[in-house]
Structures are given as C-alpha cells and as structure tokens.
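Since the structure comes first, as structure tokens, the remarks are kept for the end.
Counting starts at 1 for both ligands and their atoms, following the listed order. No hydrogens, no waters, no symmetry mates; every other heavy atom, side chains included, goes into these values.
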Amino acid sequence: MTLTGTITAAFGRHYEVALDDGRRINGIPRGKKSLYACGDRVTLGPLHDSEAQILTHLPRASLLYRSDQWKEKIIAANATQVVLVVATEPGFSDELISRCLVAAQHEKLRVVIVLNKSDLAENLLAARAQLAPFSAFGVPVIELSARNDASPLMPWLADQTTVLVGQSGMGKSTLTNALIPDAGAATREISTALDSGKHTTTHARMYELPMSNGCGKLIDSPGLQEFGLAHLTRGEIELGFAEFVPHLDHCRFRDCRHENEPGCAIKAAVDAGTIEPRRLAHFITITSEGDRAKSF
Ligand SMILES: Nc1nc2c(ncn2[C@@H]2O[C@H](COP(=O)(O)OP(=O)(O)OP(=O)(O)O)[C@@H](O)[C@H]2O)c(=O)[nH]1
Ligand SMILES: [Mg+2]
Ligand SMILES: [Zn+2]
C-alpha cells in the first residue's frame, strides 16, 4: 500500500512527514539528492519502525525558491502566501523585499509585509519610511510586536498556507511561537549574537494554526541574507515589479532596459513621482546580475 503525507520539516537528508492518517514519521529520500521541501505532498513506501522511503512528490501548487548561478534553494512547496518579516531593528534590506516580491509574484503568491518589533519605537518612523515604496502600490504592511501581541496578523492567515520569510533576527520564530502556543520554535535571546551572522532557525518547519474558524498552516523558515533570482528572465522580473507593468508598453523601445534609453516610460513615471526611485534602482541591480543582461 502506498502512503501519502505532507513534509512538515526538512532536515536536508531526512524529513519529518505527517501522514494523512495523522501519524508522524521519518521520510528518507531515495538517491543522494534532497529533492523535497517543507510543504511537499509525498508518496511513501512501506513503513518500518516509523520510517519510510519517500518515493516522489505530488505536483506542486507553488514552489518558492531562490537561486544563484550554481544552485537552487527551495524555501517551501505549496504555500499560498508569503509573509515577509522585517523589524525596526536590526536594520533590513529593502532590496531583499523587492527580490522576494518577484519570486512570489512568479509563483502567484500573495505577499504581506509584517513590520515586527513595533515596541522598539526609536526606529519605527525610519522603518515605515523604508516600507512606503511597497505600500504605495498595494502591498499590505502590518505593524505588530510579536513579543506583545501577534493578533493583527491573524485575519490574514485563515485558509492559507503561509511561509514566513526574512532576514535573520527579524522575529519569524518569535512570531511563530506567538501564533502557535505549543510550537516551541527556538528564538535567539541574546541580541549580541545577532552580529555573528548565524541563524537561529536551521530548517523550515510547518505548523497547524489554532483557529476558531477555518484552518491555516504556517511555515517558519531559516533567515536568509540573499535572494538570488537566477532562475528568472528579465521579462519575468519586470512582471514582479507590479507598479511597472501598466507603463511597460509605453517605452519607445520594446527591449527597453529602463536605464538611460530615450522615451523610457518607467523613467518618466519616476520623474513624475508615480514610481519610487528605490524600486527602479532595485530593478536595475537585479537585472544587471550574471547573464541576465543577455536574456529577455
Ligand atoms: N523587542 C522585541 N524583540 C523581539 C520581537 N520579536 C522578536 N524579538 C527578538 O528578536 C530576536 C530574534 O528573534 P527570532 O524570532 O529568533 O528571529 P528569526 O527571524 O526567527 O531569526 P532566524 O531564525 O535566525 O532567521 C530575539 O531576541 C527575539 O526575542 C518584538 O516584537 N519585540
Ligand atoms: Mg527563526
Ligand atoms: Zn523603459
């Protein structure tokens, strides 16, 4: 008999699988490569001592991943929504937000930004200002303090499989513990350790959200410093800049790079104040990487 289940934690070479009948087992992949991710639906061979071989994954509704020239890193499979966690401190990269938006848009995932640690008021205004270019074109920004009250995020989580994404130290695991009282996710308690560059969360894990109506799943993931988009073409990246899209047909040149070309509608929109200069800067940085200069 073939078993089916969902990968609830990915440890590289082995996986925790929640079988559809409720049992939790160890899933062992065949071969050397780890091809599965947290959130994957998988079929498994016979069960021996709470262990079974993973045969394959079922078709994925979505696959959020990042990539550089050499390798791809899957963040989560079958998510329906990305909650991008930033904080008043330590500082965060808005370019990473632009990158994450592109990857999510390509997988048709909704993105919500959480501005965490609102209790640390000193940097609140600066953090809000850094997020303004994103809320300007409709990305929801939810301010909260995971330490005090995570409930502002609750209405966004119903009937979604949400993956928390963000740099290390932003509070993804603290938020997970606030939303799921028995999650027991490790969080970093010594703030000086944040400078060491080490991540507290080392692998992705999926939790069931306790909800009075509907259901929801939450995936906590390790902090990331980079979000490479080597798997996407220039045209796909353009589509991930949602506020650019209505202008794209109006550039004089069909293959306009929106750098210094005459008759560039994106540049004109920046000059007119309808596109934020930061966003065009992010676009140019991302599309100038690697071999992308050649592909459209
Ligand atoms: N003041 C304050 N501190 C917070 C809040 N949320 C999280 N922190 C602190 O921020 C630090 C990092 O939190 P984590 O939850 O471990 O961060 P993370 O995003 O999971 O980090 P990685 O697992 O490394 O990716 C910890 O010391 C938390 O206690 C908050 O709302 N307010
Ligand atoms: Mg964590
Ligand atoms: Zn242009």
L120, portion touching ligand 1 at heavy-atom distance under 4.0 Å: side chain

With a 4.0 Å heavy-atom cut-off (strictly under), which part of L144 contacts ligand 1: side chain, backbone, both or neither? neither

Counting only heavy atoms not in E226, do more than 12 fall under 6.0 Å of its CD? no

Checking salt bridge (Lys or Arg N to Asp or Glu O under 4.0 Å) for the pair R278/D94: CA distance, chi angles, key distance, verdict? CA-CA 9 Å; R278 289 287 294 161; D94 55 353; 2.7 Å; yes

Counting both backbone and side chain atoms, is some N or O of [X] under 3.5 Å from an N or O of ligand 1?
X    : answer
S168 : yes
S118 : no
G223 : yes
A146 : yes
G171 : yes

Between L232 and the options V102, I286, L239, T287, the side chain to side chain contact (heavy atoms under 4.5 Å, CB included) test singles out V102

Within less than 4.0 angstrom of ligand 1, does G166 place any heavy atom? no

Between the candidates N177, V85, D119, which shows the shortest non-hydrogen contact distance to atom 1 (N) of ligand 1? D119

Judged by heavy atoms only, the candidate from E89, K172, K117 nearest atom 9 (C) of ligand 1 is K117

Keeping the roles fixed (side chain from [X], backbone from [Y]), state whether a donor-acceptor pair exists under 3.5 Å.
X    : Y    : value
K117 : E89  : yes
E107 : L63  : yes
T80  : T161 : yes

For H258, the N, O or S atom at the shortest distance from the Zn ion (ligand 3) is ND1

Please work out which of the three classes, parallel, tilted or perpendicular, describes the rings of H57 and Y36, given edges at 30° and 60°. perpendicular

State whether R99 and E95 are salt-bridged, where the test is any N-O pair (Lys NZ or Arg NE/NH1/NH2 against Asp/Glu carboxylate O) under 4.0 Å. yes

Does a side chain donor of either R279 or S98 reach within less than 3.5 Å of an acceptor in the other side chain? yes

Distance filter under 4.0 Å to T174 heavy atoms, resulting ligand 1 atoms: 6 (N), 7 (C), 13 (O), 14 (P), 15 (O), 28 (C)

Nearest 10° is fine: what angle sits at the Zn ion (ligand 3) between SG from C264 and SG from C251? 110°

Check the pair E143, R128 against salt bridge (Lys or Arg N to Asp or Glu O under 4.0 Å), reporting the backbone distance first and the verdict last. CA-CA 9 Å; E143 265 179 38; R128 276 184 197 151; 2.5 Å; yes

What is the OG1(T201)-the Mg ion (ligand 2)-OG(S173) angle, to the nearest 10 degrees? 90°

Restricting to N/O/S atoms, is H247 within less than 2.8 Å of the Zn ion (ligand 3) or not? no

